[in-house]
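Just below is one structure, and these are the notes that go with it.
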Amino acid sequence: MEYALDRFEQQVRAAIAATGQVPDGLIEVTAPKPNIPADLAFPTFKAAKQLGMNPPQLAGALAQAIHPAADSLVASVVAAGPFLNFALDPVRLSAAVLEEVEELGPRYGSDDQGAGKTVVIDYSSPNVAKLMHVGHIRSTIIGQALYNIFRFLGYNVVGDNHLGDWGKQFGMNIAAIVRWGKPAGDGEDALAQIDKLYAQYARMAKEDPALDDEARAWSLKLEQGDPTARELWQWMVDLTLTANQHNYDRLGVHIDHNYGESFYEPMLPGVIQEALDKKVAYRDEGGAVVVDLGNSLPTFLLQRSDSGTLYHTRDVATLLFRLNEFHPSQILYVVGMPQELHFRQLFALVRAMGYAEDVELEHIKFGTIFDQHGQPLSTRRGNMIYLADLLNDAHQRARAVVEQASPDLPAAEKDAVAEIVGVGSVMYNDLYQDPRRNITLDWDRMLALEGNSAPYIQYMYARCRSILRKAAAEDIELPAAALNAQLPALLTHPAEVALLKQLARLPGAVREAGARYAPFVVADWCYETARALSGFYRDCSVLKAETPALRAARLRLVAATAQALLNGLGLLGLRAPERM
RNA sequence: GGCCCGGUAGCUCAGUGGAUUAGAGCACCAGUCUUCGGAACUGGGUGUCGGGGGUUCGAAUCCCUCCCGGGUCGCCA
């Protein structure tokens with residue numbers, strides 16, 4: 001897709017090329033810093049060196065030689081020392097941007113670069129029979145944002161929740177339930193009870209080896225398809241999926257598939273055999289299957305000496321299944337940093353087996369969350385924070401602010417706003433920065449309602465909507481079509497121009513977010529847009545504009561801003577209230 | 001010890017080669033205060049861009065080296 005700023009850049013490049021003074025390969029344009037009064041710059045250093053000139057000389061010569069076409073988006077070209085600066089024509093820009101937003105609406109900012117390509121995203125991936133906690137929030141939220149962004153870029157996106165639904169801990173779960181009874185009820189309460197039983201069983205098993213044997217026996221029975229074991233296991237899976245869905249609904253998460261680890265169980269012997277056949281693995285004296293790729297990566301196992309399988313075995317099977325089932329051009333794993341080595345080994349092994357040659361395999365890694373004392377969060381330490389509790393707390397805090405700021409809203413709307421704003425603040429906290437850093441838990445920052453936060457952006461959206469509501473209520477007649485076409489020319493105030501330029505940047509931000517696997521690029525755009533709106537709001541009254549035409553022009557700008565903000569927030573999985 | 005991340009303002013973070021002022025938020029101080037909704041706006045910064053070398057006309061950004069924090073290195077996931 002081609003947006004206004006794309007055309008602007010093309011025109012700039014074409015104008016430079018048309019002088020015949022600079023070879024194509026040396027034309028590199030960059031966005032100047034905000035304090036420079038230009039919209040695109042050509043730094044002439046490299047080109048000048050090649051041509052044997054000094055940079056200011058070349059810039060000056062080019063400025064003389066370039067004459068933008070009359071209908072171009074390029075308004076002016078000036079040499080500033082070694083730089084050749086190009087400025088946008090604000091009137092043509094505003095006409096183009098308003099048209100694009102109005103025409104595309106909720107699709108403004110989308111692209112077709114991914115047409116015909118599929119990307120598989122592995123995210124969230126909580127464990128069955130456990131409550132979701134803050135440790136899952138990062139993968140879930142970042143993964144969903146990437147899902148939304150890639151879909152907006154035109155890709156066919158497949159989201160897969162790689163559930164931890166297999167392994168020997170289920171032997172203990174089942175043994176505990178058989179011994180003490182199935183927890184009543186459903187949802188998170190039942191999950192919490194299972195968790196307690198599990199912890200109790202684990203404690204007692206340390207003292208009494210018989211309990212350990214019992215758990216192992218159930219684990220084996222489960223693998224062999226014993227009806228009782230199978231039934232209890234299925235019950236736990238269903239219970240978990242139902243309980244998690246409530247969290248997902250609150251977070252705006254929609255995952256296409258729930259293939260858990262158990263799904264791949266039947267494929268594991270084939271994977272091990274194939275690795276052996278292809279000589280990327282060998283069986284050692286103890287009977288374990290060892291992968292040695294002969295490069296700098298540490299060796300690892302595909303099969304234990306007791307013939308059991310491992311995480312790696314299942315992940316190889318999973319990857320091969322995804323290649324075969326979805327034919328993706330990319331597979332993204334949104335998984336924590338500690339598994340960095342695991343994925344490097346996995347990708348290297350799969351490639352050594354001759355698969356995924358043209359497929360991009362990416363581990364989107366994120367840092368660990370620590371508590372205030374620098375300790376990792378864990379149930380055992382007793383410092384765990386559960387996702388539902390975190391969201392509830394965020395809701396409560398936002399509710400208190402709504403109560404104070406908008407006491408006249410109906411109670412139901414207050415609740416709805418508190419949910420949108422509270423949950424949004426938690427999500428935004430995880431999306432506004434590069435995910436690689438470790439996070440030290442700070443409750444106040446996580447639930448921040450001001451500054452660079454979701455509520456700030458949502459508030460600016462609500463202000464736009466408020467203006468538009470008032471305008472509609474005042475029933476001002478719309479300008480005639482002929483006049484409407486001339487309106488963009490009226491938007492020449494610096495605050496108006498700054499806002500329009502910011503709106504024009506959304507498509508580029510979305511592309512960059514996809515290319516870098518970085519939702520924070522979109523978050524940053526949202527924040528900058530909200531700030532640009534603030535400046536406009538301060539300097540340019542809409543409803544009290546000097547003339548009806550200017551008022552109409554500004555209304556179009558406000559409507560376009562609201563739409564673009566909604567699109568940006570939507571990519572992050574955030575909603576925006578009409579009032580708050 | 002090997003490998004992987006990170007180190008930018010008191011705190012949390014953007015910026016990853018170019019324009020004699022390295023940007024935001026939080027916190028703090030002072031203003032806006034009959035407002036198109038104050039969850040807002042304006043002003044206020046003596047920052048060794050972890051240290052030291054190097055490449056370059058130019059380095060937070062690229063290369064080397066060292067320091068600090070976190071992670072990880074075959075029978076858990």
Side-chain angles (χ1 to χ4, degrees), chain A residues 30 32-36 38 41 43 45-46 49 54-55 80-83 85 125 127 164 166-169 261 284 286-292 296-312 314-315 335-342 344-345 365-368 370 374 376 398 401-402 404-406 421 425 429 432-434 436-440 442 444-445 448-460 462-471 474 520-521 523-524 527-528 530-531 534-535 537-545 551 554-555 558 579-580:
Chain A
T30 60
K33 289 185 173 178
N35 58 327
I36 306 299
F45 300 98
K46 273 181 202 159
K49 195 170 191 179
N54 73 56
F83 289 85
N85 286 337
S125 308
N127 291 321
W166 208 244
K168 57 186 192 184
Q169 74 270 22
E261 294 176 19
D284 74 5
V289 173
V290 182
V291 178
D292 186 352
S296 57
L297 286 176
T299 61
F300 57 98
L301 299 186
L302 276 186
Q303 188 171 32
R304 298 195 304 249
S305 48
D306 69 356
S307 86
T309 57
L310 293 134
Y311 185 33
H312 260 123
R314 280 186 279 281
D315 260 1
V335 181
M337 188 91 72
Q339 302 192 48
E340 202 266 348
L341 177 59
H342 168 79
R344 279 181 36 207
Q345 291 171 325
K365 40 193 173 286
F366 51 83
T368 310
F370 297 99
V401 177
V402 177
Q404 199 204 352
S406 307
V421 169
S425 66
N429 184 259
Y432 86 104
Q433 68 180 65
D434 192 298
R436 272 179 299 224
R437 291 167 183 272
N438 291 336
I439 290 183
T440 300
D442 179 333
D444 286 330
R445 198 186 322 125
L449 301 176
E450 52 191 24
N452 188 359
S453 67
Y456 173 77
I457 300 164
Q458 290 165 325
Y459 178 64
M460 290 304 153
R463 278 181 149 183
C464 288
R465 299 300 307 167
S466 174
I467 292 173
L468 295 169
R469 265 196 311 276
K470 282 207 163 136
E474 287 176 25
F520 77 83
V521 174
D524 198 57
Y527 177 59
E528 291 302 332
R531 296 189 70 205
S534 277
Y537 187 91
R538 180 189 66 237
D539 296 340
C540 305
S541 180
V542 177
L543 298 180
K544 291 179 200 155
R551 175 186 151 119
R554 286 179 175 167
L555 278 171
V558 169
R579 302 184 288 186
M580 60 189 277

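What you see is a predicted model, and the numbers here were worked out from it, not measured in a lab. Proteins come first, then strands; the chains are lettered A, B, ... in the order of their sequence lines, and each starts at number 1.
Residue A:Tyr432 places its side chain closer to B:C13 than to any other of B:C13, B:G6, B:A40. Nearest to the side-chain atoms of A:Lys33 among the listed nucleotides B:G37, B:G6, B:A19 stands B:A19. Closest to the side chain of A:Ala80, out of B:A14, B:A19, B:C75, is B:A19. Here the side chain of A:Tyr459 is nearest to one of B:C41, B:G37, B:C4, namely B:G37. Among the nucleotides B:C4, B:U12, B:C5, the one closest to the side chain of A:Arg445 is B:U12. When distances are taken from the side chain of A:Ser406 to each of B:G37, B:C36, B:A39, the shortest belongs to B:G37. Considering only side-chain atoms of A:Val421, the nucleotide from B:G37, B:C13, B:A39 that sits closest is B:A39. The listed nucleotides are B:A77, B:G37, B:G71; the one nearest the side chain of A:Pro338 is B:G71. Each of B:A24, B:A39, B:G74 was ranked by its minimum atom distance to the side chain of A:Thr299; first place goes to B:G74. Minimum atom distance to the side chain of A:Phe520 is reached by B:G15, of the listed B:G15, B:G25, B:C36.
Residue A:Ile36 is classed as a base contact, given a heavy-atom separation below 4.0 Å to a base. In this structure, A:Arg436 reaches the sugar-phosphate backbone alone: every heavy-atom distance under 4.0 Å involves primed, P, OP1 or OP2 atoms, never a base. A:Asp292 comes within contact range of no nucleotide atom at all, as no heavy-atom separation falls under 4.0 Å. Counting any heavy atom pair closer than 4.0 Å across all strands shown, A:Val402 reaches a base atom. Across all strands shown, A:Arg579 has heavy atoms under 4.0 Å from base atoms, whether or not it also approaches the sugar-phosphate. Counting any heavy atom pair closer than 4.0 Å across all strands shown, A:Phe45 reaches a base atom. In this structure, A:Cys540 reaches the bases: a heavy-atom distance under 4.0 Å links it to at least one base atom across the strands shown. Counting non-hydrogen atoms under 4.0 angstrom, A:Ala448 reaches nothing in the nucleic acid. In this structure, A:Ser541 reaches the bases: a heavy-atom distance under 4.0 Å links it to at least one base atom across the strands shown. If you check every strand for non-hydrogen atoms under 4.0 Å, A:Ala545 touches nothing. Counting non-hydrogen atoms under 4.0 angstrom, A:Met460 reaches the backbone sugars and phosphates but no base. Nucleic acid contact class of A:Glu261 (heavy atoms, under 4.0 Å, all strands): sugar-phosphate only. Residue contacts shown for A:Leu449 include a base, since a base heavy atom lies under 4.0 Å away.
When the C1' atom is compared between B:G7 and B:G52, the two are found 16 Å apart, to the nearest whole Å. The gap from the C1' atom of B:U12 to that of B:G47 amounts to 16 Å, rounded to the nearest Å. Between B:A24 and B:G44, the distance separating the two P atoms is 10 Å to the nearest Å. Spacing of C1' atoms, B:G18 relative to B:G58, comes out at 7 Å, to the nearest Å. Rounded to the nearest Å, the gap between the P atom of B:U32 and that of B:G17 is 44 Å. Comparing the same atom, P, in B:A59 and in B:A22 gives a spacing of 14 Å after rounding to whole Å. With both ends at atom P, the span from B:C41 to B:U46 equals 23 Å, rounded to whole Å. Taking the P atom of each, B:U21 and B:C67 are spaced 35 Å apart, rounded to whole Å.
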* To do: Step by step, work out the side chain to side chain contact (heavy atoms under 4.5 Å, CB included) result for A:Ser406 and A:Met580.
  => CA-CA 7 Å; A:Ser406 307; A:Met580 60 189 277; 5.7 Å; no
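At the phosphate of B:C41, OP1 or OP2 sits under 4.0 Å from a side-chain N or O atom of A:Ser534. Here A:Arg304 does not reach the OP1 or OP2 of B:G74: none of its side-chain N or O atoms lies under 4.0 Å away. Remark: A:Tyr456 is in phosphate contact with B:C41, judged by side-chain N or O atoms under 4.0 Å from OP1 or OP2. The side chain of A:Lys470 contributes no N or O atom lying less than 4.0 Å from OP1 or OP2 of B:C36.
Contact check for A:Asn85 versus A:Ile36: side-chain heavy atoms found under the 4.5 Å cut-off.
The 5' end of RNA chain B is approached more closely, in terms of each residue's nearest nucleotide, by A:Asp434 than by the other of A:Asp539 and A:Asp434. With the nearest nucleotide of RNA chain B identified for both A:Gly81 and A:Ile467, A:Gly81 has the one nearer the 5' end.
Taking a pair to require two hydrogen-bonding distances under 3.5 Å in either a Watson-Crick or a G-U wobble arrangement, B:G6 pairs with B:C68. Taking a pair to require two hydrogen-bonding distances under 3.5 Å in either a Watson-Crick or a G-U wobble arrangement, B:G1 pairs with B:C73. With a cut-off of 3.5 Å on both pairing distances, the Watson-Crick or G-U wobble partner of B:U42 is B:A30. The partner of B:G23 is B:C13, by the rule that a Watson-Crick or G-U pair needs both atom distances under 3.5 Å.
When rounded to the nearest whole Å, the span between NE2 of A:His342 and C1' of B:C4 equals 15 Å. For the pair A:Ile439 CD1 and B:G70 P, the computed distance is 17 Å after rounding to whole Å. Rounding to whole angstrom units, CG of residue A:Asn429 and P of B:C11 are separated by 18 Å. For A:Ile457 and B:G25, the CD1 to P distance is 13 Å, given to the nearest whole Å. Taking atom CD on A:Gln345 and atom C1' on B:C73, their separation rounds to 8 Å, with Å as the unit. Atom pair A:Arg314:CZ and B:C76:P shows a separation of 10 Å (rounding to whole Å applied).
The base of B:G74 is paired with the side chain of A:Asp284 by a donor and an acceptor separated by under 3.5 Å. Checked by distance alone, A:Asp444 brings no side-chain donor or acceptor within 3.5 Å of a matching partner on the base of B:A27. The base of B:C75 lies close enough to the side chain of A:Ser305 for a donor and an acceptor atom to sit less than 3.5 Å apart.
Under the stacking criterion of a centre-to-centre distance below 5.5 angstrom and an interplanar angle below 30°, A:Phe83 sits stacked against the six-membered ring of B:A19.
Ring-plane geometry between A:His342 and A:Tyr311 is classed as parallel, the angle between the planes falling under 30 degrees on a 0 to 90 degree scale with a further cut at 60.
Here the closest heavy-atom approach between residue A:Glu474 and residue A:Leu543 is recorded as OE2-CD1, 4.3 Å.
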